[in-house]
Amino acid sequence: MRVGDAKVGQIGVSTAEKIYAEIGATRTGEKVLTYCKAMWKRMQPHHPELFRPDTPNPWEGVTLKRRVKKKKGHVDREMVYAFANGAIEHGRGELAAAAVLAFEWLMRPSSIGAGYAPWTGYRASDQPDKIRLKHRKNDELALHPLEYTEVDEETGEEVLVKLYEDAEKILAQTPRYGTSIVCKKSGVLFGDGTFLAHEVREMADKIRKIDKRVPEGFSLDKCRHGGMTELEESGLTEGQGRSLSKHKMASAYRGYAKETERRVLEATKKRFGRSEQRKNMNEIKGRKIVKKA
């Protein structure tokens with residue numbers, strides 16, 4: 001077993017510190033320290049002859065340096081749909097769908113590119129009023145309702161309320177190249193790497209020349225973060241938000257919503273007892289259709 005050119009048995013605290021110093025106080029440095037600690041702890045009991053007997057775990061002696069974490073930006077609903085409609089006009093409906101999947105249904109870019117949003121999950125025969133997706137990172141299945149029925153208070157008639165009408169308009173214009181909603185023209189998946197994200201950024205740069213509503217730095221990550229921020233701005237509780245985002249840990253969920261001016265204003269209004277319940281996005285975007293008997 002080796003670490004670069006050095007054998008594991010040669011690694012002491014000073015060597016571990018030098019390895020960490022080469023990487024620095026970065027996200028990669030944090031991962032290296034975490035993984036090396038875990039590897040040492042798990043493998044030493046199984047192969048004691050390969051490890052130094054005088055050093056239980058040298059990585060425990062390395063001091064983790066705090067790094068300044070960059071705040072990831074986000075885009076709002078208008079920006080997302082400006083991009084989506086622009087991508088369709090440029091003949092890239094699959095990129096439009098990717099942005100909508102990230103914003104509306106909070107999918108990670110890696111899950112979108114890896115095919116975790118199949119056409120078979122969209123208004124399937126067994127769930128005709130839902131879209132069924134999967135989150136690759138935590139293997140969580142998500143069933144999102146696309147509509148619901150209610151009785152109109154004025155007419156007494158049963159009406160159908162469309163929840164994601166804008167999103168479904170985009171999906172209706174997305175070409176079905178393969179089994180996945182988002183894939184290449186050949187039907188092959190983009191994969192879980194950065195290729196899809198790169199394609200989206202390039203398309204955003206083209207659209208921006210025509211439509212200034214698409215900001216610089218537009219990305220799938222920002223679409224997802226924008227969707228998470230919209231959950232908070234809509235006044236959802238943490239539990240309600242996690243039921244949509246499928247975060248298992250509350251701490252992970254809290255890190256996504258951005259402190260926008262609207263959130264700060266709502267918090268201040270609530271503090272002084274002046275906050276009114278804001279209409280949620282479904283009520284704003286939902287369109288009622290009289291349901292025929």
Side-chain angles (χ1 to χ4, degrees), residues 75-109 111-135 141-150 158-190 196-197 199-200 202-204 206-208 210-211 213-214 218-220 222-224 226-227 230 244 280-292:
V75 291
D76 61 24
R77 179 171 290 273
E78 182 182 7
M79 297 172 186
V80 170
Y81 282 96
F83 169 82
N85 288 309
I88 288 171
E89 290 176 6
H90 281 78
R92 300 299 303 273
E94 72 279 11
L95 301 185
V100 168
L101 286 166
F103 182 81
E104 297 285 16
W105 296 299
L106 313 169
M107 290 192 73
R108 294 175 177 84
S111 297
I112 297 171
Y116 283 73
W119 282 114
T120 52
Y122 176 57
R123 291 191 178 275
S125 57
D126 59 332
Q127 299 281 356
D129 59 344
K130 294 180 177 65
I131 183 169
R132 182 170 55 234
L133 311 165
K134 199 168 185 181
H135 291 273
L141 183 68
L143 275 172
H144 294 278
L146 299 172
E147 60 196 29
Y148 69 94
T149 57
E150 67 176 14
E158 193 175 64
V159 294
L160 183 69
V161 182
K162 296 278 189 178
L163 297 172
Y164 294 99
E165 190 170 17
D166 290 341
E168 292 200 80
K169 284 179 181 177
I170 298 299
L171 293 182
Q173 299 175 80
T174 300
R176 300 199 177 206
Y177 295 134
T179 56
S180 178
I181 294 176
V182 178
C183 62
K184 300 175 185 178
K185 290 183 179 180
S186 61
V188 176
L189 296 174
F190 283 95
L196 175 60
E199 291 280 287
V200 168
E202 278 198 342
M203 178 54 60
K206 288 181 182 179
I207 297 170
R208 191 180 308 110
I210 306 167
D211 192 341
R213 290 178 299 171
V214 178
F218 184 96
S219 68
L220 287 180
K222 288 185 178 180
C223 290
R224 181 168 178 262
E230 187 178 273
L244 295 175
N280 63 41
M281 296 307 298
N282 290 341
E283 291 174 343
I284 294 171
K285 294 292 177 183
R287 181 168 67 93
K288 293 184 177 180
I289 302 171
V290 176
K291 194 173 182 182
K292 296 180 180 179

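All residue numbers refer to positions in the sequence shown, counting from 1.
- Between Leu146 and Leu163, every side-chain heavy-atom pair lies at or beyond the 4.5 Å cut-off.
- Under the rule for a salt bridge (Lys or Arg N to Asp or Glu O under 4.0 Å), Lys130 has no partner lying at least two apart in sequence or in another chain.
- Residues meeting the side chain to side chain contact (heavy atoms under 4.5 Å, CB included) test with Pro175, sequence neighbours left out: Glu94, Tyr177.
- Sorted pairs that involve residues 174-185 and meet salt bridge (charged side-chain N to carboxylate O under 4.0 Å, His left out), not counting sequence neighbours, are lacking altogether.
- Residue Ile181 holds its CD1 atom at 8.5 Å from OG1 of Thr120, rounded to the nearest 0.5 Å.
- Residues that satisfy the side chain to side chain contact (heavy atoms under 4.5 Å, CB included) test with Ala82, not counting sequence neighbours, are Asp211, Arg213, Val214.
- Residues meeting the ring pair (Phe, Tyr, Trp, His ring centres under 6.0 Å) test with Phe83, sequence neighbours left out: Phe218.
- Separation of atoms CE (Met107) and NE2 (His144) is listed at 8.5 Å; rounding is to 0.5 Å.
- In this structure, Arg132 and Asp126 have side chains that are in contact, with non-hydrogen atoms separated by less than 4.5 Å.
- Partners of Ile88 by side chain to side chain contact (heavy atoms under 4.5 Å, CB included), not counting sequence neighbours, listed by chain and number: Ala96, Ile170, Gln173.
- Phe103 is linked by a ring pair (Phe, Tyr, Trp, His ring centres under 6.0 Å) to nothing, counting only residues two or more places apart in sequence or in another chain.
- Residues meeting the side-chain hydrogen bond (donor to acceptor under 3.5 Å, both in side chains) test with Glu202, sequence neighbours left out: His198.
- Taking 4.5 Å as the limit, some side-chain heavy atom of Leu133 sits within range of a side-chain heavy atom of Leu101.
- Every side chain to side chain contact (heavy atoms under 4.5 Å, CB included) that Ala197 has, sequence neighbours left out, goes to Arg201.
- Applying the salt bridge (charged side-chain N to carboxylate O under 4.0 Å, His left out) rule to pairs touching residues 114-123 yields Arg123-Glu147, Arg123-Glu168, sequence neighbours excluded.
- Contact annotation: the side chain of Ile112 never approaches that of Trp105 to less than 4.5 Å [non-hydrogen atoms, C-beta and beyond].
- To the nearest 0.5 Å, atoms CZ (Arg224) and CZ (Arg108) are separated by 4.0 Å.
- Side-chain atoms of Ile210 and His90, non-hydrogen and from C-beta on, do get closer than 4.5 Å to each other.
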